[in-house]
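Read the structure below first, then the notes.
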Amino acid sequence: MSQEKNQEQNSIDSNTKKEENLPSSQNQQTQKRNIQRRKNQKNDTSKTGTLKNIKRTFEQNERIHKNRLECFNKLNQNSGSCVRITPLGGLGEIGGNMMIMETKNSAIIIDVGMSFPSEDMHGVDILIPDFSYLKQIRNKIRGIVITHAHEDHIGALPYLFKEMQFPIYATPLPLGMILNKFEEHGIGKYRSYFRPVEKRKIYKIGDFDIEWIHITHSIIDASALAITTEAGTIIHTGDFKIDHTPIDGYPTDLHRLAYYGEKGVLCLLSDSTNSHKEGFTRSESSVGPTFDKIFANSKGRVIMSTFSSNIHRVYQAIQYGLKYGRKVCVIGRSMERNLNTAMELGYIKLDRKIFIDAHEVGKYPDNKVLIVTTGSQGETMSALYRMATDEHRHIKIKPTDQIIISAKAIPGNEASVSRVLNYLLKAGASVAYQNFSEIHVSGHAAQEEQKLMLRLVKPKFFLPVHGEYNHVYAHKETAISCGIHPKNIYLMSDGEQVEICNKYIKKAKTVKTGKVYIDNQINKQIEDDVVIDRQKLADSGIVMIVAQIDSEEKKIIGKPKVVSYGLVPDKQDKAFSKEMEAILEQYLINARKEIFEDSKLAESEIRQVVRKHIFRKMKKYPTIVPTIYMM
């Protein structure tokens with residue numbers, strides 16, 4: 001560089017000597033050009049230095065961006081620890097949420113929820129997860145961790161506690177609602193396992209340090225979980241949406257989520273229920289103005305039905321009922337119980353004088369009554385269904401009634417909701433349901449809220465949870481758009497055990513999972529074979545045959561008795577009976593000798609013969625029940 005400058009200076013000096021020999025006018029012009037040249041050279045040098053400085057700053061900002069977006073690099077890169085995550089419910093379905101998180105020495109259960117049966121599960125009220133895997137690792141389990149009090153997260157707890165017991169860690173409202181369930185099932189003594197937790201406080205449970213982080217959802221006192229292990233921190237959102245104007249004034253604790261995001265998060269498990277929905281989910285407070293309008297225009301009784309756990313929705317309805325001078329009647333065991341629990345714990349404040357019993361409703365003018373009830377999912381035993389079918393003891397639907405169904409049908413319940421709507425409309429009532437755009441809002445995050453969660457937490461690995469495969473797949477696409485590498489995302493199914501450490505995420509093995517059928521009327525399990533038999537009967541019917549056989553003559557004595565249900569019309573019973581008699585006679589002609597010595601063997605073969613004949617003719621496999629007497 002110095003050599004170039006010396007050559008430059010020598011050139012200038014040479015030019016200067018030449019200039020001294022030039023006439024004075026030319027000399028002055030040349031000197032001016034040289035001065036200008038020197039100035040330009042200095043400016044170029046200064047500009048180059050400035051650009052280099054700016055570029056260095058740009059490169060530094062690039063490093064800053066990379067560091068702030070990849071905070072997971074702050075995790076201990078040399079840690080050899082791993083965490084295994086096993087969903088036992090909640091993936092490939094809506095509801096039934098239950099997950100196991102385990103290290104080498106300890107394990108925790110996250111939520112123990114129930115789900116609803118399909119229409120072909122006759123006589124089944126609810127489904128609960130199969131607890132087989134828990135029995136295998138029960139000595140490792142240090143506690144049950146609850147995110148919130150919805151049925152699909154706590155509904156199966158009583159059935160688990162009848163088999164095995166572990167400490168339950170949860171915030172106050174979930175514990176209050178779990179206690180109600182335990183008392184209903186006659187296991188209130190297990191309240192000694194309750195461990196109330198405070199938010200923003202860390203609890204050590206086995207190998208896990210867990211903090212409950214406040215989030216907004218369609219139920220009060222919901223939480224996300226920050227679970228710290230030797231392998232790193234795992235954030236589990238639970239069910240959530242990001243409501244900036246919640247009814248209780250407590251928005252999602254975004255600051256705490258961001259705090260963990262800055263420290264570095266190994267893995268995020270996030271709610272996928274609304275992953276197809278663009279934009280943002282509306283605030284719970286947006287329902288209020290719609291309620292106000294309906295109450296203002298209602299001349300008769302207002303009957304509002306929603307989920308019994310949606311305390312803020314119930315609270316809003318009651319507030320507008322009071323605004324228009326109405327007394328409040330709460331009908332439905334779960335609704336009464338949950339509202340009372342929320343009031344006792346201080347989540348909502350209402351004067352108990354505003355409430356009346358169902359038998360008192362008739363004492364007040366219709367325009368002075370608000371009835372809050374269960375049955376928004378069309379459940380046949382619910383209060384609203386019994387009102388609609390004129391089976392309720394105290395409340396009969398009137399043409400002047402204004403019904404508000406402030407809920408969306410859970411997938412699989414659409415037919416039940418439609419049925420109760422038809423009954424209500426036939427009774428002449430006005431019904432506000434989905435035709436009112438803001439009569440119900442979801443409690444689950446739409447895509448923009450999911451993106452915000454991903455950007456705040458900035459995880460290395462991502463496991464979308466809660467929903468059918470199409471929901472978690474859509475959530476995966478959202479995560480990729482937010483910079484999560486596709487190789488760092490895994491779409492789990494129930495029973496798949498995923499292993500996570502700082503270097504990888506992979507499937508470890510598959511564990512036994514499935515559903516257990518429950519009859520809610522007696523709070524007991526229905527065995528699988530009973531449900532299967534019911535499905536067969538509903539699909540193909542039953543044929544019962546009673547016959548006496550002369551074992552010597554190898555003939556039928558008298559006429560066999562044939563009874564069928566669900567297979568042929570009543571008017572064809574006689575013809576069908578003759579047809580079955582002919583099948584038996586033909587079978588006996590060619591029957592083996594030992595058949596006439598063993599009635600059980602005869603029944604087995606007759607069952608197969610009749611079954612094949614009916615399938616060839618009707619393409620059905622009915623249940624065949626033969627009773628054979630050898631004479």
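Positions are given from 1 along the sequence.
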Between S218 and N310, the two heavy atoms sitting closest are O-OD1, 3.1 Å

Any sub-3.5 Å donor-acceptor pair from D550's side-chain atoms to E552's backbone N or O?
yes

Output, in order, the C-alpha distance, side-chain angles, deciding distance and verdict of side-chain hydrogen bond (donor to acceptor under 3.5 Å, both in side chains) for D239 and H466.
CA-CA 8 Å; D239 286 352; H466 301 172; 2.8 Å; yes

Residues, nucleotides or ligands: over 12 heavy atoms within 6.0 Å of K408 NZ:
no

Quick one: NE2 on H613 to CD on Q586, what's the gap to the nearest 0.5 Å?
11.5 Å

Are any of the side-chain heavy atoms of R84 and V498 separated by less than 4.5 Å?
no

Is the backbone N or O of I331 less than 3.5 Å from a side-chain atom of T373, with the two atoms forming a donor-acceptor pair by type?
yes

Looking only at atom types and distance, does a side-chain atom of S577 sit under 3.5 Å from a main-chain N or O of D573, one as donor and one as acceptor?
no

Should V531 and H122 count as side-chain neighbours, where that means a heavy-atom distance under 4.5 Å?
no

Nearest 0.5 Å, please: how far is CZ in F131 from CD in Q136?
14.5 Å

Indicate yes or no: at least one non-hydrogen side-chain atom of T306 is less than 4.5 angstrom from one of T374.
no

Can you find a side-chain donor-acceptor pair between S442 and N274 that sits under 3.5 Å?
yes

Only one of H236, H217, H148 passes ring-ring contact (aromatic ring centres under 6.0 Å, His included) with H153; say which it is.
H148

Quiz item: cation-pi between K617 and F615, 6.0 Å / 45°
no

Examine the side chains of H471 and S272 and answer whether a donor and an acceptor come within less than 3.5 Å of each other.
no

Do K398 and R301 make a side-chain contact, defined as non-hydrogen atoms from C-beta onward lying under 4.5 Å apart?
yes

Student check: side-chain heavy atoms of V124 and L127 closer than 4.5 Å:
yes

With the threshold set at 4.0 Å, does a side-chain nitrogen-carboxylate oxygen contact exist between R337 and E184?
yes

When Y159 is tested against each of H185, K181, M114 for side chain to side chain contact (heavy atoms under 4.5 Å, CB included), which residue passes?
H185

Under 3.5 Å, is there a donor-acceptor pair between the side chain of S305 and the main chain of S376?
yes

Can you tell me how far CD1 of I100 sits from CD1 of I141, rounded to the nearest 0.5 angstrom?
6.0 Å

Are any side-chain N or O atoms of T513 and backbone N or O atoms of D494, one a donor and one an acceptor, separated by less than 3.5 Å?
no

Would you say the side chains of H276 and Q447 form a donor-acceptor pair under 3.5 Å?
no

Going through the checks in order, is the side-chain hydrogen bond (donor to acceptor under 3.5 Å, both in side chains) test met by E496 and Y490?
CA-CA 11 Å; E496 275 192 308; Y490 191 92; 3.0 Å; yes

Sequence-distant partners of Y423, ring pair (Phe, Tyr, Trp, His ring centres under 6.0 Å), two or more places apart
Y385

Within the 6.0 Å centroid threshold, strictly below: H440 and Y433:
no

No-hydrogen, no-angle side-chain donor-acceptor test under 3.5 Å, Q497 and Y133:
yes

So, N338 and S309: side-chain donor and acceptor under 3.5 Å apart, yes or no?
no

Flag if over 12 foreign heavy atoms under 6.0 Å of CD, E278:
no

Minimum side-chain heavy-atom gap L537-R534 below 4.5 Å:
no

Hey, mind stepping through V328 and V369 against side chain to side chain contact (heavy atoms under 4.5 Å, CB included) and telling me if it holds?
CA-CA 6 Å; V328 181; V369 172; over 6 Å; no

Roughly how far, to the nearest 0.5 Å, is CD1 of I404 from OG1 of T290?
9.5 Å

Ignoring hydrogens and angles, tell me if any N or O in the side chain of K578 forms a donor-acceptor pair with the backbone of K574 under 3.5 Å.
no

Test item: I556 and L588 side chains (from C-beta on) under 4.5 Å apart, heavy atoms:
yes

Quick one: do E585 and K555 make a salt bridge, cutoff under 4.0 Å?
no

Rounded to the nearest 0.5 Å, what's the gap from CD1 on I146 to CD1 on I144? Could you check?
6.5 Å

Strictly distance-based, threshold 3.5 Å: is any side-chain N or O of D401 a donor or acceptor partner for the main-chain N or O of I403?
no

For D152 and S115, does a side-chain donor sit closer than 3.5 Å to a side-chain acceptor?
no

Quick one, K524 and D519 - any side-chain contact, counting heavy atoms below 4.5 Å?
no

Between I126 and I128, does the side chain to side chain contact (heavy atoms under 4.5 Å, CB included) criterion hold? Intermediate values first, please.
CA-CA 7 Å; I126 65 171; I128 64 171; 4.2 Å; yes

Residues D130 and K512 bridged, charged N to O under 4.0 Å
yes

Using 30° and 60° as the class limits, which term best fits the ring planes of F161 and F182: parallel, tilted or perpendicular?
tilted

Heavy-atom pair of closest approach, residues V287 and I439
CG1-O, 3.8 Å

Quick one: CD on Q377 to CD on E414, what's the gap to the nearest 0.5 Å?
9.0 Å

Backbone N or O of A474 within a donor-acceptor pair of the T478 side chain at under 3.5 Å?
yes

Can you tell me if K561 has over 12 outside heavy atoms packed within less than 6.0 Å of its NZ?
no

